[in-house]
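Notes follow the structure.
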Protein chains: 2
Amino acid sequence: MPSVESRATRRTDPLSRDRLVQTAIEILDTDGEDALTFRSLAARLTTGPGAIYHHVASKSELLRAATTVVVSSAVDGARTPGEPLDTVRALALAVFDAIDAHPWVGTQLTREPWQLAVVQLFEAVGVCLQEYGVPKHARFDAVSALVNCVLGSAGQYAAAARLLPRDTDRALVLRGIAREWERLDPSDFPFMHAIAAGLDEHDDREQFLAGVDLVLAGIRTIR
Amino acid sequence: MPSVESRATRRTDPLSRDRLVQTAIEILDTDGEDALTFRSLAARLTTGPGAIYHHVASKSELLRAATTVVVSSAVDGARTPGEPLDTVRALALAVFDAIDAHPWVGTQLTREPWQLAVVQLFEAVGVCLQEYGVPKHARFDAVSALVNCVLGSAGQYAAAARLLPRDTDRALVLRGIAREWERLDPSDFPFMHAIAAGLDEHDDREQFLAGVDLVLAGIRTIR
DNA sequence: ACCTGAACACCGTTCAAGT
DNA sequence: ACCTGAACACCGTTCAAGT
């Protein structure tokens, strides 16, 4: 039977898990996390909401699948041969950039533990650290620290992106945050006041990378 | 007028923001994140759902306030004088334990960027690093890395806790996860297979602390 | 087998009406 | 001023009925 299936027969009609996931990604990317609804998804595919359940068990399964698609391709693209710790950096950056392009991925990655996307990242980083020579007993902890840092930034970044749905002026937003910090009691929040001044030239991506490098520096101290 | 208010007059009736937040925390702790509803909260306080809006603007404000209550007391409790980097460890652990006791806090911390609870953690860690002597230009990045690691673990931990609502047998759950990893293709996931074996003696709290220590080790390398 | 879409059991939020 | 609770505009999900 498998040979009968023809790839050319992909008319507009037939629903499939892949088509559902692809369309879901489109809606999430263009209209935001809240816009994905079984009704909106069904409407886009000119069916009723019930039809979706023939190919996907629930909304969380759909989101999980969409997240896996995006993260898998990011991880696979960054899995280059080379100095192991450089590859770790590349992996982290690839995930960051994927979340930058699809903020809903950041939300989803922090929502479900041990979903396939996280396991793939774990695996890719783990192999690098093994290759670098992190001793066996410290490997699990080191990978976990790295992945947690990536996911932590992912979550914060996605949360921020959720606040400003359209391409708002970044400089203006930063100035707004700085203003809020400056309104805090200086004796209770001296550090936030000190930081508020330099917030203008802040770059999320650079800071993210600096964080990864800090963990890598820590890993280098254990051989 | 302020002197007229008597604390003894706290009969069952009068609603207030504090009472709403306290009751919300009770529901979240005992019945889980999904159980907190404006209807369930109102029922617990023997009113209608509309009454809540006289003291709180929205559900997210309520959750934000509840999160601030829990995290503030955790951060304040850990702000002990002593070796600065030890205090950072204590701060991280305090937040971890708070999330262990109130898993919904982990979800909430990753949901809204720059909410007060996160700013308080940022401030407390920032002061420590300043005291330790992290150079000015690297301070923001270092604090951010630390906080991101804490929040990343928080998110993953909370997500895991959400899966097992009641006190399930941890050993059984770990064995289940290990089984899943062993079912992955060994040639695609060699690292996960290697890790699955030792998952029995895994301790989230220890791993979390190991991650924090790794970042601290990295911070030590920059003076 | 797959699709359809009304119906069910919920949400957060609003608002006229009460006290 | 504060509360009440029906009503509104949604959800995800189910399921009898169609093809």
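These figures come from a predicted structure and were not determined experimentally. Values below: every heavy atom of this structure, side chains too, minus hydrogens, waters and symmetry copies. Within every chain, numbering begins at 1; the chains are lettered A, B, ... in the order of the sequence lines, protein sequences first and strands thereafter.
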Side-chain donor-acceptor distances from residues 36-45 of chain A under 3.5 Å, at least two apart:
unit_1  : atom_1 : unit_2  : atom_2 : d
A/Ser40 : OG     : A/Ala35 : O      : 2.9
A/Ser40 : OG     : A/Thr37 : N      : 3.0
A/Ser40 : OG     : A/Thr37 : O      : 3.0

For a quick test of reading the model, state the closest non-hydrogen atom pair linking [X] to [Y] and the distance between them.
X        : Y        : answer
B/Glu33  : B/Leu28  : CA-CD2, 3.8 Å
A/Ser153 : B/Asn148 : OG-ND2, 3.0 Å
B/Val215 : B/Leu146 : CG1-CD1, 3.5 Å

Identify every side-chain donor-acceptor pair in residues 172-186 of chain A under 3.5 Å, counting partners at least two apart or on other chains, and give the distances.
unit_1   : atom_1 : unit_2   : atom_2 : d
A/Asp185 : OD1    : A/Ser187 : N      : 2.9
A/Asp185 : OD1    : A/Ser187 : OG     : 2.8

Q.
Check this one for me: any side-chain N or O of B/His55 less than 4.0 Å away from OP1 or OP2 of D/dC3?
A. yes
Q: Would you please classify the geometry between the B/Phe122 ring and the A/Phe191 ring as parallel, tilted or perpendicular, with 30° and 60° separating the classes?
A: tilted
Q. Excluding sequence neighbours, so at least two apart, what forms side-chain contact (heavy atoms from CB on, under 4.5 Å) with B/Ala51?
A.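 Partners of B/Ala51 by the side-chain contact (heavy atoms from CB on, under 4.5 Å) criterion, ordered by chain and then number, come out as B/Leu15, B/Thr47.
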**Q.** Nearest-angstrom distance from the residue atom CD1 of B/Ile52 to P of D/dG5
**A.** 13 Å
Q) Rounded to whole angstroms, how far apart are CZ on B/Arg19 and P on D/dC2? A)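 Those two atoms, CZ and P, are 15 Å apart.
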Q: Sugar-phosphate atoms are those with a prime plus P, OP1 and OP2; base atoms are the rest. Using that split, label each nucleotide of nucleotides 11-19 of chain D B, S or - for protein heavy atoms under 4.0 Å, 5' to 3'.
A: BBBBB----
(Q) Suppose we screen for disulfide bond (SG atoms under 2.5 Å apart). Which residues come up paired with A/Cys149, at least two apart in sequence or across chains? (A)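 If we apply the disulfide bond (SG atoms under 2.5 Å apart) test to A/Cys149, skipping adjacent residues, the hits are B/Cys149.
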Q: Enumerate, in order of first residue number, the stems that involve DNA chain C, defined as 3 or more consecutive Watson-Crick or G-U wobble pairs with both distances under 3.5 Å.
A: C:4-8 with D:12-16, C:12-16 with D:4-8
